[in-house]
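Quick note: residue numbers are just sequence positions, from 1.
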Amino acid sequence: TIKTRVISNKQQMMRVDEESTAPIKQSIQENILKNIQAKIDEGLDAIILEDYNKGMLQPGLIEKIIELAQKNHVITCVDPKKDNFMAYKGVTLFKPNLKELREGLNTEVDPSDINSLSIASKQLAAKLDHKITFITLSEHGVYLNDNCSHVHVPAHLRNISDVSGAGDTVISVASICLASSLDNSLIAQISNLAGGLVCEKSGVVPIDKQLLLQETIKHCCK
């Protein structure tokens, strides 16, 4: 996959992708499973299934990865796309954005209405039987529901430069927080901060650990 980004005044105007999204061969799927098993044997804490609809994550492979993780008590976190949205049954954390949630459930969801988000989360959990629903809502922040309680964290005011990689940052930080046994409120707050911070930078950038720590102390330790 080759991604060509058109940037103007430090803001991304458009992106052109050149790629193949054909399903990967069975032999490659088997190698992926072997590599995951090897990492689990080394003490893996969590697996992130980052689905881009690019042909790698096929329903059969998804099922086997989740089964392997469950068997070895490994956390599974999912950033879904439309094609395989309903294939991720029984994962630990499922993180759609608002658009993906609406498409996946084929229903309207109001990001400013907690009741609407709660109903959608329950509908999703009934279909996927996962433990935690974590919805990213862009300018409306994030919403997390573990089927027992929920938390909504508003977005912080940011000088947005480029939203590329924000979702990836959120799922990765959420996975680290979950593997560290933080409570749901902190998972939502810290992940929300991380996603906002990378949007202040142009291009796809890693999260700065010290900056995230400073923001966490400032906003989450009052």
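Side-chain contact annotation: Thr216 with His219, donor-acceptor N/O pair under 3.5 Å absent. For His150 and Tyr143, the side-chain atoms include at least one donor-acceptor pair closer than 3.5 Å. Asp110 and Ser112 are linked by a side-chain donor-acceptor pair at a separation below 3.5 angstrom, with hydrogens and angles left out of the test.
Counting heavy atoms of neighbouring residues, nucleotides and ligands inside a 6.0 Å radius, atom NZ of Lys54 exceeds 12 of them. Summarising the local packing, NZ of Lys89 is surrounded by more than 12 heavy atoms from other residues, nucleotides or ligands at distances under 6.0 Å. Residue Gln70 qualifies as enclosed at atom CD: its count of foreign heavy atoms under 6.0 Å is above 12. Heavy-atom contacts from other residues, nucleotides or ligands closer than 6.0 Å to NZ of Lys81 number more than 12.
Residues passing the side chain to side chain donor-acceptor pair (under 3.5 Å) test with Gln26: none are found, sequence neighbours excluded. Partners of Leu213 by side-chain contact (heavy atoms from CB on, under 4.5 Å), not counting sequence neighbours, listed by chain and number: Gln210, Ile217. Under the rule for a salt bridge (Lys or Arg N to Asp or Glu O under 4.0 Å), Glu139 has no partner lying at least two apart in sequence or in another chain.
Both tests hold for Lys3 against Tyr52: distance to the six-membered ring centre under 6.0 Å, angle to the ring axis within 45°.
Between the side chain of Thr76 and the backbone N or O of Val91, no donor-acceptor pair lies under 3.5 Å. The main-chain N or O of Ala125 is never found under 3.5 Å from a side-chain atom of Asn147 such that the two would form a donor-acceptor pair. Remark: side-chain polar atoms of Asn84 are paired, donor with acceptor, to backbone N or O of Leu57 under 3.5 angstrom. Checked by atom type and distance alone, the side chain of Glu50 never pairs as donor or acceptor with a backbone atom of Asp168 at under 3.5 Å. No donor-acceptor distance shorter than 3.5 angstrom exists from the side chain of Ser191 to the backbone of Ala188, with no hydrogens or angles considered. Side-chain atoms of Ser180 come within 3.5 Å of backbone atoms of Ile176 as a donor-acceptor pair (strictly under, hydrogens ignored).
Between Asp41 and Lys39, no side-chain nitrogen of the basic residue sits less than 4.0 Å from a carboxylate oxygen of the acidic one, so the salt-bridge criterion is not met. Ion pair Lys82/Glu100 not flagged as a salt bridge, since none of the NZ, NE, NH1 or NH2 atoms sits closer than 4.0 Å to an Asp/Glu carboxylate oxygen.
The aromatic rings of Phe94 and Phe85 lie perpendicular to each other, with more than 60° between the two planes, well past the 30° mark.
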*Which is it for Lys34 and Glu30 under the salt bridge (Lys or Arg N to Asp or Glu O under 4.0 Å) test, yes or no, and what are the steps along the way?*
CA-CA 6 Å; Lys34 288 178 182 177; Glu30 291 171 359; 5.7 Å; no
